[in-house]
Amino acid sequence: MPFSKREQLLILNLSELLPFSLSLSDEALILTKGVMRGEIPIESLLLELQQDFTSIQQMHFSKNKNGQILLMIGPKSALDKEALESTLREIISLELPNNLKNSATKKPLIFIPADFFGFPLVGSLYFGVIDRGTNLLQVRPITGCPLNCPFCSVDEGPASKSKVRDFIVDPDYLISTYNYILSEKKLNGAEAHIDGQGEPMSYPYLVELVQRLWENNNTAVVSLQTDGWFLNEQIIDELSAVKLSRINLSINAFDSKLAKRLAGRGDYNLEKMLELAEYILDSNISLLL
Ligand code: SF4
């Protein structure tokens, strides 16, 4: 190989460049954010880079001592780091939506940005914004649920036979739709209620979503419906910091065995859920059980 010396290679720290947790398999770069997991085949990623930067003669992945993923490219002297980083980000943002999975349900996850075939975010109960003619707008960012409640009216959960894929909405698109509805309806004092056909706390952009819903001056309340599966002290603190008004926490039963049965999961932990409910009570967030 012509460029074996490290100093002749440009080093791109992908773990710092991309807003995901990264890992490598033999064949793919794996990008994870919450339940959202995407794989980009290494071969196609490198090929696309080579098409744009014909002076590339050597390229391989590596890891530093902190476990961060590095892309080593040579010859350094013939390459523009900023241009490479920008192209890499572009390739990943184009490729990733085609290769996403929901790790909570193990189903393919369809990413819906604003330009997704003109797909509207109003009119579906699966995702988007639901206006039922009151001052409350339901904001539904993601489908899919980690629980398997036997009574689930929408047949969600990893064991569902009728749900073969999940959907996730680009936060920019969700926020612009919410703002559009508020301005069209001239709604003052709106409640943005984040819920879902499934578990909305699986949305990897939840904290950002709460924060951005507040940026509309006509928002009076931001509330969240949850089955509690993804609750922990850290996320409660983060949601409290962005002024989430209320959590509506669904608990199916106050008997531990029955709660497991009704959640459809042997690892459902009622005691932990009740501890977290207490933790919410001690935060700035109101709790509705
Ligand atoms: S928590 Fe709700 S959406 Fe999830 S399986 Fe149970 S009833 Fe269905």
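Each ligand, and each atom within it, is numbered from 1 in the order the structure gives. Throughout, residue positions are numbered sequentially from 1 according to the sequence presented.
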Backbone N/O of G157 and side chain of K107: donor-acceptor pair under 3.5 Å: yes
Sub-4.0 Å protein heavy atom next to atom 8 (Fe) of ligand 1: yes
Over 12 non-hydrogen atoms of neighbours within 6.0 angstrom of CD in E233: yes
Polar side-chain atom of K260 near backbone of G266 as donor-acceptor pair, under 3.5 Å: yes
Gap separating the CZ atom of R261 from the CG atom of L258, nearest 0.5 angstrom: 5.5 Å
Atom 1 (S) of ligand 1 [closest protein heavy-atom partner, distance rounded to 0.1 Å]: D227 OD2, 3.4 Å
C145 N/O/S atom closer than 2.8 Å to atom 4 (Fe) of ligand 1: yes
C152 backbone or side-chain N/O/S under 2.8 Å from atom 8 (Fe) of ligand 1: yes
Aromatic plane relationship, Y126 with F167 - under 30° parallel, 30 to 60° tilted, over 60° perpendicular: tilted
Atom 6 (Fe) of ligand 1 - nearest protein heavy atom and its distance: C149 SG, 2.3 Å
